[in-house]
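Atoms considered below: every heavy atom in the structure, side chains included; atoms not considered: hydrogens, waters and symmetry mates. For reference, positions follow the sequence shown, starting with 1.
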Amino acid sequence: MSASGLFPPDPDGAGDGFAERVRDAIDRQELFLVYQPQADVFTNRLTGFEALSRWRLSDGTMLPPDVFVPMAEQGKAIHLLGEWSLRTACAAAAEWQRTGMADVPVSVNLSARQLDDPGLVRMVLGVLADSGLPAANLKLELTETALFGQTQNAREALVQLRGAGVRLVLDDFGTGWSSLATLRRVPVESLKIDKQFVQAMVEDRDAAAIVQAVVAMAHALDLTAVAEGVETPEQRLFLQAYRCDTLQGFWLSRPLPTDGVPDFLSRLGLT
Ligand code: C2E
Ligand code: CA
Ligand code: CA
Ligand code: CA
């Protein structure tokens, strides 16, 4: 079954029918977030959570974000989805902080399309204010592709967000049309190495060289390096050898539903 077959054809062909569908999904709580822990590569200390969207259709079918995010990006739906995921993640992180469960940042993925929105900065700062989450407890993950060839306005939006204390991470590093010059123009604090390199690293010398080089470059630029998709103890050992800072992946934990977060934290011995 093709993913688009799950939805009625869009009469406008402009993605606006899909925006309605996303609005309904939010109202009916078909959309929800899961949270994947991140930890220090050496000490295993918790450093944050990444919020990832999930969509359970009324018949139980689970749609992965790799399907519905690109569909949403074709129209206005991405702005609904983007604001909803930010609002939900900030509320959750504010709750972890308020209850003393964990005072760590939450990372939210930002679509390239959201950078085109002139209301983006106002929206993000409004969501922070509503949730009571300090700006420093929010990280926005941007893809290289999103930043490559961005307009001056988009860069200014990122500079304004950074100025307000929001933290920026370059996601999927190594997979996009990266220009290293982007790194100097956008105030990111971390490079997130895509899982394709992390997972190939133990077997493939080229992938290993890429991971090692990205960590070294991050450090030379005073940035931290984050490895995603870490599944095995061997991969963690490689990351330690390369002095990578932070890891995320099934080795530490799968993405957790909201009510799985306290259990995870107590197993870490934090509560
Ligand atoms: P991403 O930002 O690169 O997120 C990492 C993906 O790797 C997630 O897939 C995560 O569940 C998966 N993953 C984590 N650890 C492991 C591991 O050890 N092994 C393997 N094989 N996979 C692992 P997911 O949740 O399916 O998300 C896919 C992509 O969808 C994300 O890639 C992100 O680009 C996008 N996405 C998810 N939620 C949102 C959202 O709310 N907004 C936007 N704009 N994009 C989103
Ligand atoms: Ca991400
Ligand atoms: Ca990735
Ligand atoms: Ca991605």
Item to complete: Please step through side chain to side chain contact (heavy atoms under 4.5 Å, CB included) for the pair Phe32 and Thr258, ending with a clear verdict.
Response: CA-CA 9 Å; Phe32 59 100; Thr258 317; over 6 Å; no
Practice prompt. I would like to know whether Leu52 and Asn109 meet side chain to side chain contact (heavy atoms under 4.5 Å, CB included); could you show each step before the answer?
Written response: CA-CA 8 Å; Leu52 296 158; Asn109 292 284; 3.8 Å; yes
Discussion item. Working note: Arg21 + Glu30, criterion salt bridge (Lys or Arg N to Asp or Glu O under 4.0 Å); need CA distance, chi angles, decisive distance, verdict.
Written reply: CA-CA 11 Å; Arg21 189 64 194 84; Glu30 290 177 17; 3.2 Å; yes
Can you confirm whether [X] sits close enough to [Y] that some side-chain heavy atom of one is under 4.5 Å from a side-chain heavy atom of the other?
X      : Y      : answer
Leu168 : Leu158 : yes
Leu138 : Pro105 : no
Leu86  : Leu140 : yes
Arg167 : Arg162 : yes
Val211 : Phe238 : no
Ser53  : Leu33  : yes
Thr88  : Trp84  : yes
Tyr35  : Val106 : yes

Discussion item. Is it the case that the side chain of Asp204 and the backbone of Ala207 share a donor-acceptor pair, with hydrogens and angles ignored and the cut-off at 3.5 Å?
Written reply: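 Yes; judged by distance alone, with no hydrogens or angles, the pair exists.
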Please round to the nearest 0.5 Å and tell me the distance separating atom [atom1] of [X] and atom [atom2] of [Y].
X      : Y      : atom1 : atom2 : result
Leu110 : Leu161 : CG    : CG    : 8.5 Å
Thr232 : Gln199 : OG1   : CD    : 9.0 Å
Leu120 : Gln114 : CG    : CD    : 6.5 Å
Gln196 : Ile210 : CD    : CD1   : 8.0 Å
Thr61  : Asp59  : OG1   : CG    : 3.0 Å
Leu247 : Asp40  : CG    : CG    : 8.0 Å

Identify every side-chain donor-acceptor pair in residues 91-98 under 3.5 Å, counting partners at least two apart or on other chains, and give the distances.
residue: Glu95; atom: OE1; partner: Arg98; partner atom: NH2; Å: 3.3
residue: Gln97; atom: NE2; partner: Asp103; partner atom: OD1; Å: 3.1

Connected via hydrophobic side-chain network under 4.5 Å: [X] and [Y]:
X      : Y      : result
Val34  : Phe250 : no
Leu237 : Trp251 : no
Met201 : Phe42  : yes
Met123 : Leu115 : yes
Val159 : Val186 : no

Worksheet item: For the side-chain contact (heavy atoms from CB on, under 4.5 Å) test, which of Val41, Thr246, Asp245 pairs with Leu239?
Response: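 It is Val41, the one option of Val41, Thr246, Asp245 that forms the side-chain contact (heavy atoms from CB on, under 4.5 Å) with Leu239.
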Practice prompt. Using side-chain contact (heavy atoms from CB on, under 4.5 Å) as the criterion, point out the one residue from Val226, Val215, Asp171, Val230 that pairs with Ile193.
Written response: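 For Ile193, the side-chain contact (heavy atoms from CB on, under 4.5 Å) check succeeds only for Val215.
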Closest approach of [X] and [Y], non-hydrogen atoms and distance?
X      : Y      : value
Leu46  : Ala102 : CD2-CB, 4.3 Å
Thr143 : Asp172 : CG2-OD2, 3.9 Å
Leu80  : Ala19  : CD1-O, 3.4 Å
Cys244 : Ala225 : SG-O, 3.4 Å
Gln235 : Glu231 : OE1-N, 2.6 Å
Phe49  : Leu265 : CZ-CD2, 4.2 Å

Discussion item. Determine whether Ser111 and Glu73 satisfy the following criterion, side chain to side chain donor-acceptor pair (under 3.5 Å), listing intermediate values before the conclusion.
Written reply: CA-CA 8 Å; Ser111 157; Glu73 282 174 333; 2.8 Å; yes
Discussion item. Taking side-chain contact (heavy atoms from CB on, under 4.5 Å) as the definition, give me every residue that meets it alongside Ala241, ordered by chain and number, with sequence neighbours left out.
Written reply: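 Result, side-chain contact (heavy atoms from CB on, under 4.5 Å) vs Ala241: none returned.
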Worksheet entry | Steps toward side chain to side chain contact (heavy atoms under 4.5 Å, CB included) verdict (Val22, Lys76) | CA-CA 10 Å; Val22 166; Lys76 296 202 181 77; over 6 Å; no
Fill in: Worked check of salt bridge (Lys or Arg N to Asp or Glu O under 4.0 Å) between Lys192 and Glu50
CA-CA 12 Å; Lys192 197 162 183 183; Glu50 178 176 7; 2.8 Å; yes
Worksheet item: Any idea how Trp55 and Phe18 line up, ring-wise: parallel (<30°), tilted (30 to 60°), or perpendicular (>60°)?
Response: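 The rings of Trp55 and Phe18 sit tilted, inter-plane angle from 30° to 60°.
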Worksheet item: Do Phe173 and Asp194 pass the side chain to side chain contact (heavy atoms under 4.5 Å, CB included) test, and can you show the C-alpha distance, the side-chain angles, and the key distance before you say yes or no?
Response: CA-CA 6 Å; Phe173 194 76; Asp194 192 70; over 6 Å; no
Practice prompt. Given side chain to side chain donor-acceptor pair (under 3.5 Å), test Gln248 with Gln36 step by step and report yes or no.
Written response: CA-CA 7 Å; Gln248 177 180 345; Gln36 190 173 36; 2.8 Å; yes
